[in-house]
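Here is the structure we will look at, set down as structure tokens.
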Amino acid sequence: MFRRTEATDCEITWNGATIPARAGESLAAALLAAGITHFRDSAISGSPRGPLCLMGACFDCLVEVAGMANAQACMIAVTPGLAARTQVGARG
Amino acid sequence: MRLLILGAGPAGLAAAAEARAHGIEALLLDENAAPGGQVHRAVGGFYRPARGAPGAAQAREGLALIAAAAGVEARYGATLWAVQEDGVVSWSEGGRAHQLRAEVLLLAPGATERALPIPGWTLPGVMGVGAAQALLKSAGLLPEGRVWLAGQGPLLWLYAAQMLAKGARPAGILDLSAPGLPWRALPHLPMALRAPGYLAQGLAWMGRLRRAGVPVVRAREVAALGASRLSAIAVDGCQFPAEALLLHDGVVPNTQITRALPGCAHVWDQAQAAFRPVLDEWGNTSLPGVLVAGDAAGIGGARAAALSGRIAALEAARRLGVVTADQRDALAGPLLHRRAAELAPRALLEALFPPLPPGRVADGTLVCRCEEVSAGRVRAAVALGAQGPNQAKAFLRAGMGACQGRVCGPIVHALMAEARGVEPGALAPLRTRFPTKPVTVGEMAGVLAG
């Protein structure tokens, strides 16, 4: 859906798979640049969801980061080795 | 702390600079990693449009604002989650919560994109135009493949022009606005010419698109199609392949925090079709010591926001006894005058770009994305007697999901007013509650323990 115009400089993992990223960009940007648009399964119907607003308002970009759920991917800055996973369903 | 400013967009940055100029101890908080807010996102670092490129002049203004605010204590990655009646403000940074009592609180949280619900809009691959612009500014990402823009509003045209300037190309722009608007907007043109820059800019963006041969089509309905992600769009029934669909229907003031403050009055702004806090010309809300500046006070654009930030900071200075009322008036006079000039094109912009009517949202379309509530269920709740969005929560849970009504609030409100046959201003806006952003028990315990 999106292509990069700047070089990447580190790596993160998404569901265990390595993807390139740029330190300091948002996790959402790194995922979208890697062609990942399915960030979570919605709480009510389990439908695939991805980001809508990319500014911390819509909460559709929720992912699990380092074991912590309900992280807004658009508000998390990439650090080398960051490990993120699809968030499935509702989380407390 | 004497003055706490929330939001490092143009209003917050200008307020911080003004506070510093008067020697006021101030703290600036922003949940983003760097200053600039939305309009000046990443100008300090990554986003450097070429001279003459769409958005370049604005980026230079953003850099100036950031420079002027340097020296004011600022915390980034700081997410405010509560404001207490005694003036204690709670926020979290890096998993740790902090609290501070502020004598004066200046809220400048800006605006959010108005939701444009269409069938299939929850499919991955559909996002806001503002979202795509944020990606361009903060990470240099360009949409690829068949990229469609749909809706209405100046940002749609700006972003399309920015795409072209960067070598990307929209497959088409689907204008969902009602025909005949430019004629109806004509009476507002003379006033708008007081700040001709806005108009010239808009015409320049549209000119770029026309010269590039980007199809611009008027449509009544757009739908997003696909199994687990967007693969096509339907425009008035005709299908086209799509890799990205970017939606825009204007922006609305972010009143998530002000609606959570007991006693903070809000008013329906008919021209902007949005609620905004009740404010005097200084930005005072109905709560002493709480001010709002910038787009959160009512949509006015970046330059008006910066002026409002300075005006509010001068009023804060008066409240804190740093300047007298006469000194405040003398210093603010030219700013008030300039703000009026910057706001002069608003009536024309509002007439040219009114939000899309709620009646066009089909019953089957989701309006509350978090709790997956459709427009039809909202209308059915009205038929059952739900009076407004607050009562509708008991019927539907709309507005009770993760976004706490940030996305669905305006459309649920509009749908219910239309279904009830009343003016939107007759319905109370969705009440919000602290914490306004997720916070863990551990973080809260940390501050309570002292």
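Since we're looking at a predicted model, the values are computed, not measured. As a basis for the values below, the full set of heavy atoms in this structure was taken, side chains included, without hydrogen atoms, waters or symmetry mates. So you know, we letter chains A, B, ... as the sequences are listed, proteins then strands, and number each from 1.
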Inset, instruction - Output yes when E371(B) and R397(B) qualify as a salt bridge under the 4.0 Å nitrogen-oxygen rule, no when they do not. - result: yes

Legend entry - Among the listed options S42(A), A77(A), G24(A), the residue most often paired with chain B at heavy-atom distances under 4.5 Å: S42(A)

Legend entry - chain A contacts, top residue of V129(B), L230(B), L135(B), V147(B) (heavy-atom pairs, under 4.5 Å): L135(B)

Legend entry - E372(B) (side chain) donor-acceptor with S45(A) (main chain) under 3.5 angstrom: yes

Inset, instruction - Tell me, for R22(A) versus chain B, whether the close heavy atoms (under 4.5 Å) come from the side chain, the backbone, both or neither. - result: side chain

Legend entry - Side chain proximity check, L246(B) to V126(B), heavy atoms < 4.5 angstrom: no

Inset, instruction - Give, as side chain, backbone, both or neither, the part of Q404(B) having an atom under 4.5 angstrom from any heavy atom of chain A. - result: neither

Legend entry - Check: R40(A) and V88(A) side chains under 4.5 Å, non-hydrogen atoms: no

Legend entry - Contact check, side chains of N254(B) and D295(B), non-hydrogen atoms, under 4.5 Å: no

Inset, instruction - Please check if the side chain of H40(B) supplies one atom and the backbone of A42(B) the other of a donor-acceptor pair under 3.5 Å. - result: no

Inset, instruction - Sort out for me which of V407(B), L142(B), L247(B), T440(B) touches chain A most, counting heavy-atom pairs under 4.5 Å. - result: L142(B)

Inset, instruction - Identify which of G128(B), A402(B), P438(B) forms the greatest number of heavy-atom pairs closer than 4.5 Å to chain A. - result: A402(B)

Legend entry - Interatomic spacing from CD1 in I76(A) to CE in M68(A) - rounded to 0.5 Å: 5.5 Å

Legend entry - Close approach to chain B in residues 50-59 of chain A, criterion heavy atom under 4.5 Å: G50(A), P51(A), L52(A), C53(A), L54(A), M55(A), G56(A), A57(A), C58(A), F59(A)

Inset, instruction - For each of C74(A), A29(A), S47(A), A28(A), tally heavy-atom pairs with chain B at distances under 4.5 Å, and name the one with the top tally. - result: A29(A)

Legend entry - Which residues share a ring pair (Phe, Tyr, Trp, His ring centres under 6.0 Å) with H413(B), sequence neighbours left out: W268(B), F275(B)

Legend entry - Short N-O contact, R75(B) and E93(B), less than 4.0 angstrom: yes

Legend entry - Test: R369(B) and D60(A) ion pair at under 4.0 Å: yes

Legend entry - For chain B, which residues of residues 4-20 of chain A have heavy atoms nearer than 4.5 angstrom: R4(A), T5(A), E6(A)

Inset, instruction - Check whether L366(B) gets within reach of chain A through its side chain, its backbone, both or neither, counting any heavy atom under 4.5 Å. - result: side chain

Inset, instruction - Kindly indicate whether the side chain of Q38(B), heavy atoms from C-beta on, has any atom under 4.5 Å from the side chain of N32(B). - result: yes

Legend entry - Most contacts with chain A, counted as non-hydrogen pairs under 4.5 angstrom, among Q133(B), R229(B), K166(B): R229(B)

Inset, instruction - Side chain from CB out, backbone as N, CA, C, O: work out which of these in A244(B) comes under 4.5 Å of a heavy atom of chain A, or both, or neither. - result: both

Legend entry - Side-chain touch T436(B)/R406(B), heavy atoms, less than 4.5 angstrom: yes

Inset, instruction - Can you tell which part of R146(B) gets under 4.5 Å to a heavy atom of chain A, answering side chain, backbone, both or neither? - result: neither

Legend entry - Atom group of M75(A) that falls short of 4.5 Å from chain B, counting heavy atoms: side chain

Inset, instruction - Side-chain contact test, heavy atoms from C-beta onward, threshold under 4.5 Å: evaluate it for L82(A) versus V65(A) and give yes or no. - result: yes

Legend entry - Residue list, ring pair (Phe, Tyr, Trp, His ring centres under 6.0 Å) with F395(B), at least two apart or on another chain: none

Legend entry - Residue pair W81(B) / S92(B), side-chain donor-acceptor N/O under 3.5 Å: yes

